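Keep in mind the model is a prediction, meaning the values are calculated, not measured. Chain identifiers are assigned alphabetically (A, B, ...) following the order of the sequence lines, protein sequences preceding nucleic acid strands; residue numbering begins at 1 within each chain.
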Number of protein chains: 2
Amino acid sequence: MKQYEHPPADAFDLTTILHALSDPYRLSIVQKLSVLQPQPCAPLQGDRPKSSVSHHFTVLRKAGLVRTVVVGVTHMNSLRDAELEARFPGLLTTILAAAAREAAQPAKS
Amino acid sequence: MKQYEHPPADAFDLTTILHALSDPYRLSIVQKLSVLQPQPCAPLQGDRPKSSVSHHFTVLRKAGLVRTVVVGVTHMNSLRDAELEARFPGLLTTILAAAAREAAQPAKS
DNA sequence: CTTATAGTTCGACTAATATCGAACTATTCA
DNA sequence: TGAATAGTTCGATATTAGTCGAACTATAAG
């Protein structure tokens with residue numbers, strides 16, 4: 001039952017977090033996790049190959065956005081929302097709200 | 001007195017904004033503008049060559065973060081904070097607060 | 001008209017990121 | 001033990017982004 005490395009909350013870096021969230025696919029993963037948590041990778045996969053999905057989860061993990069716990073054969077992912085809130089109050093919430101807003105009114109042109 | 005193209009507020013794209021802010025140099029420009037507005041490019045230049053600075057301002061402009069008005073020989077930059085607030089409430093404010101927090105307690109390791 | 005100033009544009013180069021197939025690892029279940 | 005499942009790792013390739021010198025543009029001032 002090997003587990004993952006996760007950065008401690010006091011090592012969270014703002015630009016790293018913003019970069020992780022600046023990819024539409026990764027942002028969509030975070031959005032989905034915010035609704036249902038924890039979740040394995042598979043249902044969040046979309047149409048991408050597994051190797052790409054794995055790459056994006058690595059980015060999210062290294063940024064401190066997601067915690068992955070290996071339980072049996074599946075890897076359960078959840079947002080590190082409490083820790084993020086402690087380090088950068090309101091950040092994740094506000095970005096998720098913005099994402100929801102954009103879903104309601106997509107950028108024109 | 002040629003002026004710049006700026007995207008309208010309803011064309012602001014969240015991931016484009018996050019990407020623009022995920023570069024430390026660009027984030028620092030936005031931070032400085034939030035304190036003193038408007039400002040020409042020169043005082044925000046740091047030690048970079050003009051062509052790099054120009055590139056980063058282009059990214060900020062295209063994302064909708066900065067408005068540049070040509071007045072005489074200088075280009076005055078300001079944040080499009082009201083428009084950003086209208087499209088993505090709290091986003092810029094929260095990110096700037098996070099940046100301030102990180103400045104106070106830099107990421108460890 | 002000449003010079004200085006402020007910033008852009010171009011082009012070449014480098015570095016970082018994303019994509020994806022194929023082979024691999026760990027765990028569960030029959 | 002063998003097969004299935006879930007996801008990782010590797011390696012090659014493609015795309016995107018950042019850096020910077022040099023030439024250029026527009027305005028202002030002498």
Distance test, side-chain N/O of [X] to OP1/OP2 of [N], below 4.0 Å:
X	N	answer
B:Arg48	D:dG18	no
A:Lys50	D:dA6	no
A:Tyr4	D:dG7	no
B:His56	D:dT19	yes
B:Ser54	C:dT8	yes
B:Arg61	C:dG7	no
A:His19	C:dA16	no

Gap between atoms [atom1] and [atom2], on [X] and [N] respectively (whole Å):
X	N	atom1	atom2	answer
B:Leu18	C:dT17	CG	P	16 Å
B:Leu44	C:dA6	CG	P	13 Å
A:Asp47	C:dG21	CG	P	11 Å
B:Met76	C:dT5	CE	P	18 Å
A:Gln45	D:dG7	CD	P	8 Å
B:Asn77	C:dA6	CG	P	14 Å
B:Ile29	D:dG18	CD1	C1'	13 Å
B:Lys2	D:dC24	NZ	P	16 Å

Picking from [options], which would you name as closest to the side chain of [X]?
X	options	answer
B:Asp23	C:dC20, D:dG18, C:dA18	D:dG18
B:Val73	D:dG18, D:dA26, D:dT8	D:dA26
A:Pro49	C:dG7, D:dG7, C:dC20	C:dC20

- prompt: With no angle test and no hydrogens, is the base of D:dG18 tied to the side chain of B:Ser52 by a donor-acceptor pair under 3.5 Å?
  reply: no
message: Please check: side-chain N/O of B:Glu83 versus main-chain N/O of B:Ala9, any donor-acceptor pairing under 3.5 Å?
response: no
message: Salt bridge or not between A:Glu5 and A:Lys62? Use side-chain N to carboxylate O under 4.0 Å.
response: no
message: If you assign each of B:Pro40 and A:Val59 to its closest nucleotide in DNA chain C, which residue comes earlier from the 5' end?
response: B:Pro40
- request: Just jot down the side-chain contact (heavy atoms from CB on, under 4.5 Å) partners of A:Thr68, sequence neighbours excluded, or say none.
  value: A:Tyr4, A:His6, A:Arg61, A:Val66, A:His75, A:Asn77
Transitive ILVMFWY side-chain link B:Val53 to B:Val30, under 4.5 Å: yes
- prompt: To the nearest 0.5 Å, what is the distance between CZ (A:Phe88) and OG1 (B:Thr94)?
  reply: 12.5 Å
task: State the NZ-CG distance between A:Lys108 and B:Asp13, to the nearest 0.5 angstrom.
output: 14.5 Å
- request: Report yes if some heavy atom in the side chain of A:Pro49 is under 4.5 Å from a heavy atom in the side chain of A:Ser52; otherwise report no.
  value: yes
message: If the helix axis at each end comes from five base pairs, how far does the helix from C:dC1-D:dG30 to C:dA30-D:dT1 deviate from straight, to 10°?
response: 20°
- request: Quick one: which residue pairs count as a side-chain hydrogen bond (donor to acceptor under 3.5 Å, both in side chains) with a foot in residues 20-44 of chain A, not counting sequence neighbours?
  value: A:Arg26-A:His56
message: Please classify the nucleic acid contact of A:His55 as base, sugar-phosphate, or nothing, using heavy-atom distances under 4.0 Å.
response: base
